[in-house]
Amino acid sequence: MSIRDRVAALHAELAEAPEFPSQGATLFVDLERRETRTGYTPLPVVRTLLGGRGANMYYLHRLLDESLTPLHPDIPLIFGSGVLTGLVPSAARGNCTSWSPESGVLMDSNCGDYFPSFLRMNGYDHVVLYGRRPGWTMIVIRDGVVSFEDAAAYEGLDNIDLRARVQQDLGGVWTRNMAMVNITRAGERQVLTAGIMGGPKAIYARGGPGAKMGALGLKAIVTLAQTREFTTAQPYKPYNRHIAQKLLGTSVVKNALSKTGTPFLYKPSRVLGAMGTKNNQETTWTDALDAGNHDPYRDGMEGCFRCPVNCRPLNDLHSAEPDRYDKGDGPEYVTLGKFGPNLGIDDVKAVMRLNNICNDLGFDTASTGSAIGWAMELFQRGLITTADTGGLDLTWGNAAAVETLLFLMSRREGFGNVVADSARAVEKGHYPAEALKYRMTVKGLWQSDPHDARILKAFALGLAVATRGMDHLRNRVTLEINAKINDDAAFKAELYGGPVSAEPNSYVGKERAVRACENTYAVGDSVGMCRFTTKLFNSPSLPGMEEFRQQIENVTGLVFTPEALDRVGLNVMGVERLINYRLGVRRKDDTLPDRWFDEPNTFGPFKGEHIDRAEFDAMLSRFYQISELTSEGVPRDEWRGQLNAVLGG
Amino acid sequence: MILVHFPAMLHPVAGREQRVDEPVANVGELLAALERLVPGLGAALEDPVYNLAVNDDMLLHGVHAHPLSDGDVVEVIPTIAGG
């Protein structure tokens, strides 16, 4: 069945009008024929999965043809905003979903800035893209009206230049009435670590979405519309004030996120001996990259649409001979870790410059930094030499070589073509099979964050079971590093729905904490809430199920209990696992890199710590048990039947 | 004597560091002594955002009972998650 037939069958089941106040349409875009059609996500789907990430899974589940390959134009690329996106403070997020060309499993990436909210201002909650015509296309959505533009003039432009040109050509104003998602040269060339940019720094990063959009010949989607008020079921702004107060009254937001941003986490990780260093061969690094050392270069803070937090640090390197990368946006903790300790770089200015380059070139800094770190370890071990790298000296800490490599990657030139194939470099014949021993991936995806999880077993389990691969943003039990919560057993049990060991390196009860986080974060993604300001990620006092429930009711009129929302979170994970099962994922894939099982931690109070295979396997079984999964990690029969009844097809 | 270093966000309350000269056997007693030195500081340190490291070893549980010895250096470290 072709994608057009699949879309036609699905479209026939969609509602013709909004199912509840504030609901936007789903826009289906046939890029080859330049045709569109619209419908509305059916109410039973929304009750089961909400919107954003959740409803994206409904569309992917229905439209996926696993007999094809991820970059085939009949495999759709799906954008979705949450049911509260654009209406609630700090709910400015949306997801981008497909079959990952990088990992080979589910691709699902989350982004903020302005596009997810402005898409809704134009009347759309989801956009489903498929097909390809020769050349490059730009979609412009102006006051809800879709047009197709020839994007030949934008071919080859990276993020900085593209944003300037598009603003000049279309006449809108970023952050006021115009937003864009776009690819760079790296996306055009289907570099597997390429993301889809959603702003100067914001990016749908994980799993190679830029390569997927490039494979559809789509350079950008631009939205143009004035912000508007939504018709809602009940007044919602009074409760928005409560949420804003809750956000700004939380210490971690007030004292850290809004002042310095996420680089704060660097220090706790390195002091603990949990900082992935030199491709996780070591576990601590210099204090020269501590957040305090960013202060001289922090040029202000920015934020997403209607977010009161403003957690994004801007940088100005004050170079004697400034160029286009002397100023930028970021870095976040992930970029700091992946381009600092992971590559053996100890100069904060060098890391910031590489961050600014990645923002322009459209790279997922997690995968890009990891792929380069892998190459550096292979270089260290003599598995590759300068004869393979085109003369590039990939010695740890060589920031100049890393910079050169980034540009080569973006053009798929020389050794850049090797690293552009990311974790698939062995499969593509670039590296010998022995290189796989040093590849730090789960389900084909590099670890998202730099935290070495040999110590904290809840972190390790989360990375193993995350549906999109080795990623902390799906279920990270961050509060495991919070000593005061660990020392309050009753509070901790209440937080996670049962006892969880206070000891960070214990396996006891950690499955319960991962389950609770996975449910909460899946719901957060499906309403559009930022992870940083969602309960359990940074604080137990941030908005969670109760606040989501209240505001979903105010905005949409749909009534959920916190327990029902918890079930929605489980459902989202369940559908994701059904999709992954079709892509060949089994229990054996819910695991960790061998290095963490076989090589002990080298530094700090937990020196010698590693993951015990038997203990891990038992913890995984307990996780499956409380998650209502079979021994192969998919929803059990009764639940699967319920999900399939809603998903249809 | 125990030397306690504070992060920038606590400098307005605690300064960059405090010396605690009175004998303390564990972290719980140290926090009480800090409150006596700088009224309000003990309460500020109860905020879950702050972890403590003793001689560069970050404590993740059993904090109040953690033993201290003369000459130990304690650092207050804010914790946060990132993306």
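Small disclaimer: the values here were computed from a predicted structure and weren't measured. Just so it is clear, the values below take in all heavy atoms, side chains as well, and ignore hydrogens, waters and symmetry mates. By convention in this document, chain letters (A, B, ...) are assigned in the order of the sequence lines, proteins followed by strands, and residues within each chain are numbered from 1.
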Review point. Does any N or O in the side chain of Asp47(B) come within less than 3.5 Å of the main-chain N or O of Ser251(A), such that one atom is a donor and the other an acceptor?
Key: no
Check your understanding: Should Leu272(A) and Leu60(B) be marked as a side chain to side chain contact (heavy atoms under 4.5 Å, CB included) after you check the CA-CA gap, both sets of side-chain angles, and the distance that decides it?
Key -> CA-CA 9 Å; Leu272(A) 187 60; Leu60(B) 293 185; 3.7 Å; yes
Review point. Just checking heavy atoms, which of residues 28-44 of chain B are less than 4.5 Å from chain A?
Key: none
Exercise for review: Can you sort out the partners of Thr286(A) under side chain to side chain contact (heavy atoms under 4.5 Å, CB included), two or more places apart, ordered by chain and number?
Suggested key: Tyr266(A), Ala288(A), Leu289(A), Asp346(A)
Check your understanding: Would you find more than 12 non-hydrogen atoms of other residues, nucleotides or ligands less than 6.0 Å from Lys535(A) atom NZ?
Key -> no
Point to revise | Inter-residue atom distance Asp56(B).CG - Arg270(A).CZ, 0.5 Å rounding | key: 7.5 Å
Review point. If every non-hydrogen atom of Pro78(B) is compared with every non-hydrogen atom of Pro268(A), which pair is closest and at what distance?
Key: O-CG, 3.4 Å
Exercise for review: Would you check if the side chain of Lys484(A) reaches a backbone N or O of Val63(B) as a donor-acceptor pair within less than 3.5 Å?
Suggested key: no
Study note, to complete from the structure: Looking only at Leu479(A), Val252(A), Asp295(A), Asp471(A), most heavy-atom pairs under 4.5 Å shared with chain B are made by Val252(A)
Point to revise | Side chain Asn482(A), main chain Thr79(B), donor-acceptor under 3.5 Å | key: no
Check your understanding: So do Met58(B) and Pro605(A) actually touch side chain to side chain, heavy atoms under 4.5 Å?
Key -> no
Review point. Residues of residues 4-25 of chain B under 4.5 Å from chain A (heavy atom pairs)?
Key: Met9(B)
Point to revise | Heavy-atom closest pair, residues His61(B) and Pro504(A) | key: CD2-CD, 3.5 Å
Point to revise | Leu59(B), part contacting chain A, at a heavy-atom distance under 4.5 Å | key: backbone
Point to revise | Partner residues of Asp108(A) under the salt bridge (charged side-chain N to carboxylate O under 4.0 Å, His left out) criterion, sequence neighbours left out | key: Arg53(A), Arg474(A)
